[in-house]
Visitor: 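Sharing a structure with you now.
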Amino acid sequence: MRRMISAAALAVAMLAVPAVARAQNGNFQVQGFGGLTVRGVSTAETFGGNIAVPLSSHVQIVAEGGRMNDVMSPMLATLLDFAPVDVRLSAYYGQAGVRILGSSDRAVRPYAEATAGFARLRSNFSGIGSNEDAIINAGLQFLDSTRPMLGVGGGLMLQGGPVVVDLGYRFNKISAGNVIQTALAGGDLGVHQFRFGLGVRF
């Protein structure tokens, strides 16, 4: 599956090169973002960055990388609030896909996008003592796993000159990892992501 996605990404990149050469519409973007992930009543920070390469004035190829600081099961996260120890499940991710945008001559451009990629799930433990925590976390590293990830979302691009402000929403689905990660996540991970991005277009 990973080889198929890599081949598809290479094919998209090869198709994008001549289109970029023709596209002189100021749609190439570089952006950084921050925000919140939401699972039930649990919230955590998220941050990352992306680039968008134009295929036309309304279509972009987008590639993104970031980190979701905590994607624990909402029920388990609530129970751990009353415990003397802290357990977290975070995700570093990379994905790519297609973004469809509204009219390029408007200051406010609605958009929708669909992406696919991979997330690296990592567990972290604290609360017993620095030495004990370090030993447990060293063992947990062997349980880190990389899982397929799908995303959909949309939002509004507010543009003025070269500056772009992105007010966006994403829903990301990460397939279940090993037994411990599946228990911490409560099965497959469905994560709502609300973000604020600031970027530059060329």
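Keep in mind the model is a prediction, meaning the values are calculated, not measured.
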Visitor: May I ask you to decide if V71's main-chain N or O and R39's side chain share a donor-acceptor pair within less than 3.5 Å?
Guide: yes
Visitor: Quick one: CG on N50 to CD on E113, what's the gap to the nearest 0.5 Å?
Guide: 7.5 Å
Visitor: Provide the closest heavy-atom pair for P110 versus V108 in the form atom of the first, atom of the second, distance.
Guide: CD-O, 3.7 Å
Visitor: If you compare all heavy atoms of L167 against all heavy atoms of Y111, which two are closest, and at what distance to 0.1 Å?
Guide: O-OH, 4.4 Å
Visitor: As an exercise, state the distance from CG of L36 to CZ of F47, rounded to the nearest 0.5 Å.
Guide: 13.0 Å
Visitor: Testing R195, Q193, R67, R170 one by one against T46 for a side-chain hydrogen bond (donor to acceptor under 3.5 Å, both in side chains), which residue passes?
Guide: Q193
Visitor: Please report the closest heavy-atom contact between A91 and I174, naming both atoms and the distance.
Guide: CB-CD1, 4.3 Å
Visitor: About how many Å separate NE2 of H58 and CZ of R109, when rounded to the nearest 0.5 Å?
Guide: 7.0 Å
Visitor: Decide whether Y92 and V62 are clustered together by the hydrophobic rule: side chain heavy atoms of Ile, Leu, Val, Met, Phe, Trp, Tyr closer than 4.5 Å, transitively.
Guide: no
Visitor: Hydrophobic clusters here meaning ILVMFWY residues chained together by side-chain heavy-atom distances under 4.5 Å, can you tell me if I51 and V200 are in one?
Guide: yes
Visitor: Give the minimum heavy-atom separation between L150 and A116, together with the two atoms involved.
Guide: CD2-CB, 3.7 Å
Visitor: Go through it in stages, so that I can follow the logic: the residues are L198 and V165, the test is side chain to side chain contact (heavy atoms under 4.5 Å, CB included), and I'd like the CA-CA distance, side-chain angles, deciding distance and then a yes or no.
Guide: CA-CA 5 Å; L198 185 62; V165 174; 3.9 Å; yes
Visitor: Distance-only criterion, 3.5 Å: show the donor-acceptor pairs between side-chain atoms of residues 151-164 and protein atoms not counting sequence neighbours.
Guide:
unit_1, atom_1, unit_2, atom_2, d
Q159, NE2, S104, O, 3.2
Q159, NE2, R106, O, 3.0

Visitor: To the nearest 0.5 Å, what is the distance between OG1 (T115) and CG (N172)?
Guide: 6.0 Å
Visitor: Restricting to non-hydrogen atoms, name the atom on F28 and the atom on V30 that form the minimum distance, rounded to 0.1 Å.
Guide: CE2-CG2, 3.9 Å
Visitor: Can R99 and E64 be counted as an ion pair, charged N to O under 4.0 angstrom?
Guide: no
Visitor: Supply the atom-to-atom distance F118 CZ to R147 CZ, rounded to the nearest 0.5 angstrom.
Guide: 9.5 Å
Visitor: Working to the nearest 0.5 Å, report the span between CG of L101 and OG of S56.
Guide: 8.5 Å
Visitor: Which heavy atom of T37 sits nearest a heavy atom of D70, and at what distance?
Guide: OG1-O, 3.7 Å
